[in-house]
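Throughout, protein chains are lettered first and strands after them, A, B, ... in sequence-line order, and every chain is numbered starting at 1.
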2 protein chains.
Amino acid sequence: MQKIHNLSKNQKIIFDLIDKSGGPMKAYSILFNVQKRGIKAPLQVYRALDKLVEIGKIHKIESRNAFIACQNSSCQVSKATAFSICESCENVSEISNSKLSKYLSNFSDNSGMKYSKYNLEFFGLCKKCKSK
Amino acid sequence: MQKIHNLSKNQKIIFDLIDKSGGPMKAYSILFNVQKRGIKAPLQVYRALDKLVEIGKIHKIESRNAFIACQNSSCQVSKATAFSICESCENVSEISNSKLSKYLSNFSDNSGMKYSKYNLEFFGLCKKCKSK
DNA sequence: TAACAGTATGTAATAATATAACATTTACAA
DNA sequence: TTGTAAATGTTATATTATTACATACTGTTA
Ligand SMILES: [Zn+2]
Ligand SMILES: [Zn+2]
Ligand SMILES: [Zn+2]
Ligand SMILES: [Zn+2]
């Protein structure tokens with residue numbers, strides 16, 4: 001059961017921008033792009049990003065300090081994320097593989113730690129870049 | 001077959017510090033700690049960190065912008081890394097689980113992408129923090 | 001040895017990413 | 001309608017990381 005979140009004005013502006021871009025966007029690039037819509041300060045961007053991450057509408061690509069729209073169904077509210085990243089063209093896409101997510105969600109070791117969340121980033125060359 | 005890298009002076013100072021700390025360290029905290037040993041500027045730290053990451057002596061914890069000494073055997077030169085991170089006390093440890101690493105190293109999907117590297121970060125509560 | 005290439009260092013300036021602190025406003029339920 | 005949580009606006013500042021340029025060291029080869 002997915003809770004419906006009504007996005008606020010700034011959240012909506014910023015989510016729409018990221019979503020339409022189709023790829024990862026960096027915070028200050030987002031800021032630049034929304035200044036004409038009245039969002040003037042970094043903090044306004046970061047606050048919206050924080051919220052959007054929290055509710056699973058976007059994810060942060062940690063290795064790139066960038067944010068991408070969720071391509072699944074808000075990934076159980078961002079608790080289980082996996083991405084493939086091309087190290088040449090920097091194309092990023094979200095991996096949706098139920099075997100993988102089951103495997104990782106059920107993973108446990110003998111550390112006594114209870115895992116409630118994970119983030120996985122694969123790196124390599126995409127189809128295009130491989131054939132160059 | 002593991003190539004032996006003779007660390008340079010700065011690399012050695014910085015690796016020893018991180019290694020002895022037993023946990024993740026941030027770049028500017030490293031800088032502060034090595035100033036008495038003659039390393040004065042951020043760039044000197046980042047250059048050593050870059051090299052140490054490259055040769056697999058340390059890893060970057062991307063979600064924390066911090067660096068930790070490799071607890072395995074340089075992890076095939078940093079191509080396959082997994083960590084568990086306590087969200088309460090921020091304790092980090094490197095996961096060494098051959099099933100997991102085999103599973104991830106062999107992972108492929110239908111994207112046509114060839115994966116040569118991955119980084120996985122698990123989050124949760126460690127034993128100590130769970131029982132509080 | 002001398003010349004060379006590759007790696008490492010030193011230093012200053014600056015770019016890029018992110019948060020603190022405080023004042024105000026809006027949404028909405030009790 | 002009043003209380004409360006969430007969101008916004010604004011300024012300043014903290015944190016993380018890189019550019020640019022000059023110099024020095026290390027090991028190999030002519
Ligand atoms: Zn997602
Ligand atoms: Zn590519
Ligand atoms: Zn390692
Ligand atoms: Zn803990």
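- A heavy-atom distance below 4.5 Å is found between the side chains of B:I14 and B:I30.
- Of the candidates D:dT8, D:dA17, D:dT18, D:dT8 carries the atom nearest the A:Q44 side chain, counting heavy atoms from C-beta on.
- Side-chain proximity of B:S8 to D:dC21, C:dA8, C:dA12: nearest is C:dA8.
- Among D:dT8, C:dT11, C:dA8, the nucleotide with an atom closest to any side-chain atom of A:K9 is D:dT8.
- Judged by closest nucleotide on DNA chain D, B:F67 is the one of B:F67 and B:R47 placed further toward the 5' end.
- Comparing C:dA18, D:dT15, C:dG10 by their closest approach to the side chain of A:Y46 singles out C:dA18.
- The side chain of B:K60 contributes an N or O atom lying less than 4.0 Å from OP1 or OP2 of D:dA17.
- No engagement by A:K12 is indicated, since no non-hydrogen atom pair under 4.0 Å with the nucleic acid exists.
- Of the candidates D:dT16, D:dG9, C:dT17, the closest approach to any side-chain atom of B:N65 belongs to D:dT16.
- Between the base of C:dA18 and the side chain of A:Y28 there is a donor-acceptor pair shorter than 3.5 Å.
- Distance CZ/A:F67 to NZ/A:K26: 9.5 Å, rounded to 0.5 Å.
- Looking at A:F107 and B:N97, their side chains come closer than 4.5 Å, going by heavy atoms from C-beta outward.
- Checking the phosphate oxygens (OP1, OP2) of D:dG9, a side-chain nitrogen or oxygen of A:N10 falls inside 4.0 Å.
- Under 4.0 angstrom from either OP1 or OP2 of C:dG10 there lies no side-chain N or O belonging to B:K40.
- If you check D:dT15, C:dT17, D:dA7 against the side chain of A:K51, the one that comes closest is D:dA7.
- Few gaps surround NZ on A:K130; more than 12 heavy atoms of other groups in view lie less than 6.0 Å from it.
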